[in-house]
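There's a structure below that I have some questions on.
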Amino acid sequence: MSGSTPLSPQEREQAFRRATSGFAKRFAEEIENGMSDEALEAALHQSLDIFGGSGGPGELHVTFQGSGLKIWASREVHNHVTTKPFCQGASTVKMAREVYTIVDPTSAQMALL
């Protein structure tokens, strides 16, 4: 986003939730039971689908793509063309764990949560 202020953590979370809308309902049981990285990655891929986006006056413009688990967000229309996704691959999986409180049942660290 050259020349503009970077997105705040709250804006990133808002964009992430919009890009993954329906994810929490569709995968509620899996989220409750915990998901391995592989299962979470597959679920996010399904949720993000091939390609999509949303936006409008006065709100963030969000674009997302299942391949590579990419999510772009901008205050400007079509700015994703010139910027890197704010979330991609492993960082999308990590953000999903934080936003939706998803534990990894295969992790030895789970007991510390």
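Just so we're clear, the structure is a prediction, and the values are computed from it rather than from any experiment.
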What closest approach, in Å, do Leu44 and Val93 show between heavy atoms, and which atom pair accounts for it?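 Scanning both residues, the minimum pair turns out to be CD1-CA, 3.9 Å.
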Using only atom types and a distance under 3.5 Å, with no angle test, would you say the side chain of Arg75 pairs donor to acceptor with the backbone of Pro6?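 At least one qualifying donor-acceptor pair exists.
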Distance (rounded to the nearest 0.5 Å) between Thr63 OG1 and Leu48 CG: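 So the OG1 of Thr63 and the CG of Leu48 are separated by 11.5 Å.
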Could you note down all residue pairs passing side-chain hydrogen bond (donor to acceptor under 3.5 Å, both in side chains) where residues 19-30 supplies at least one of them, sequence neighbours left out?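 Checked against side-chain hydrogen bond (donor to acceptor under 3.5 Å, both in side chains) - neighbours excluded - the pairs reaching residues 19-30 are Thr20-Tyr100, Arg26-Gln46.
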I would like to know whether Glu13 and Arg17 meet side-chain contact (heavy atoms from CB on, under 4.5 Å); could you show each step before the answer? CA-CA 6 Å; Glu13 182 175 336; Arg17 287 183 182 275; 2.9 Å; yes
Between OG of Ser54 and CZ of Phe64, what distance do you get to the nearest 0.5 Å?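 Answer rounded to 0.5 Å: 6.5 Å.
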Between atom NE2 of His61 and atom CZ of Arg18, what is the distance when rounded to the nearest 0.5 Å?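 Output value for this atom pair is 8.5 Å.
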Which atom of Arg12 lies closest to which atom of Leu7, heavy atoms considered: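 In terms of heavy atoms, the two residues are closest at NE-O, 3.9 Å.
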Could you give the distance from CG (Leu69) to NE2 (His45), rounded to the nearest 0.5 Å?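 Here the interatomic distance stands at 7.0 Å.
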With rounding to the nearest 0.5 Å, note down the distance linking CD in Gln88 to CE in Met95.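 Taking CD in Gln88 and CE in Met95, the distance rounds to 14.0 Å.
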Spacing of CZ belonging to Arg97 relative to CD1 belonging to Ile31, to within rounding of 0.5 Å: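 Here the interatomic distance stands at 10.5 Å.
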Looking at every heavy atom in both Phe86 and Ser91, which two are closest together, and how far apart are they?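 Closest pair (atom of Phe86, atom of Ser91, distance): O-OG, 4.5 Å.
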For Pro105 and Ser36, work out which heavy atoms get closest and say how close.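 Nearest pair, atom of Pro105 first, then Ser36: CD-N, 3.9 Å.
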For Ile102 and Ala96, work out which heavy atoms get closest and say how close.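 Nearest heavy atoms, Ile102 then Ala96: CD1-O, 3.8 Å.
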